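Here is the structure we will look at, set down as structure tokens.
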Amino acid sequence: MRLVTWNINSVRLRIETVMKMLDKQKPDVICLQETKTPDEFFPLDAFKDKGFKHYHFTGMKSYNGVAILSKLPLDQVEIHKRVGKTDCRHISARVDKKFELHNIYIPAGGYEPDPEINDKFKHKLDFVDELTQWFPKERSASTPMIAVGDFNIAPLENDVWDHKKMLKVVSHTPIEVEKFKKFQDSVEWVDAVRHFVPEDKKLYSWWSYRAEENWDAADKGRRLDHIWVTKKLKPALKKQQILRELRGWEKPSDHAPVILDLTD
DNA sequence: ATGGTTGGTTACCAA
């Protein structure tokens with residue numbers, strides 16, 4: 001089983017790019033974030049034509065939006081409203097009656113890493129706290145679970161290009177990393193990507209648009225996009241890929257797709 | 001120390 005997560009930064013603008021990726025990688029399930037479209041404008045037919053007959057998405061005008069497209073059957077579909085807001089950042093479904101899949105888009109958090117003066121940063125911290133509370137340990141005992149998405153936090157020193165410089169930059173501040181790790185401990189999530197890549201190796205999934213011409217050489221990336229699995233699924237982990245080269249395609253998203261292969 | 005780009009929407013906001 002092949003699973004992809006990708007912050008697409010407008011699914012309507014980049015639908016041809018998504019189709020090209022699907023042709024090359026042939027995943028069974030794809031999770032998108034920042035679809036940036038109300039549901040009635042979601043380009044569903046393009047996915048159906050590629051065999052993704054099962055789907056679950058929720059979107060809104062201009063911002064946010066998450067989608068699960070699947071070749072395998074989905075049931076138990078849910079939309080999760082978080083921290084009292086109606087933005088579209090967390091959906092879930094059971095895939096092929098085998099595991100519960102959560103597609104999550106954690107708020108970016110604005111510029112100033114101080115919840116007292118920056119409501120967006122407060123929103124981000126509250127969002128992670130709520131997720132930590134919402135996934136209790138008992139859940140992972142009964143059902144295998146996978147959580148994917150743009151978590152907008154790079155937790156490890158080698159998940160950013162310069163750990164010291166990034167300590168005051170939203171996405172890598174100590175308070176975010178602390179809350180991120182508490183979330184990760186909530187059901188003993190396994191970081192499925194780092195499972196294959198040692199922690200002393202630099203690894204990124206996002207490169208800012210603000211370094212467009214030399215993003216590859218400068219390589220000032222961050223690992224913001226994640227795939228986690230519960231312990232029961234750890235023996236099934238087979239392979240990971242971050243499709244860095246797609247960041248260099250025409251009109252790219254600033255995020256690269258992250259792929260996980262699991263044995264059936 | 002600062003500015004740099006993109007997308008949705010159409011004067012800025014969010015990332």
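Residue numbers start from 1 in every chain, and the chains themselves are labelled A, B, ... in the order their sequence lines are given, proteins ahead of strands. It should be emphasised that the depicted structure is a prediction, and the values quoted were computed from it without experimental measurement.
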For the rings on A:W215 and A:Y204, is their centre-to-centre separation under 6.0 Å? no
Can you check the A:Y209 OH to B:dG3 P distance for me, whole Å? 22 Å
Measure from the side chain of A:K36, starting at C-beta and using heavy atoms only, and say which of B:dT9, B:dG7, B:dA15 lies closest. B:dG7
For DNA chain B, write out the stems as range with range, using runs of 3 or more consecutive Watson-Crick or G-U pairs with both distances under 3.5 Å. B:5-8 with B:12-15
Are any of the side-chain heavy atoms of A:H195 and A:K234 separated by less than 4.5 Å? yes
From the options B:dC13, B:dT9, B:dT6, select the nucleotide whose nearest atom is closest to the side chain of A:Y63. B:dC13
Report which part of the nucleic acid A:R222 touches: base, sugar-phosphate, or nothing (heavy-atom distance under 4.0 Å, all strands). nothing
Can you tell which of A:V77, A:L101, A:I68 makes a side-chain contact (heavy atoms from CB on, under 4.5 Å) with A:I91? A:I68
A:S92 and A:Q76: side chain donor to acceptor below 3.5 Å: no
Using the C1' atom in both, what is the distance from B:dT9 to B:dC13, to the nearest Å? 10 Å
When you measure from the side chain of A:R210, which nucleotide among B:dG4, B:dT9, B:dG7 comes out closest? B:dG4
Do the ring centers of A:H102 and A:W189 come within less than 6.0 Å of each other? no
Partner of A:S205 by side chain to side chain donor-acceptor pair (under 3.5 Å), out of A:D150, A:D159, A:D225: A:D225
Among the candidates B:dG7, B:dA15, B:dT9, find the nucleotide nearest to the side-chain atoms of A:R12. B:dT9
Considering every strand and a 4.0 Å limit on heavy-atom distances, what is the contact class for A:Y111: base, sugar-phosphate, or nothing? base
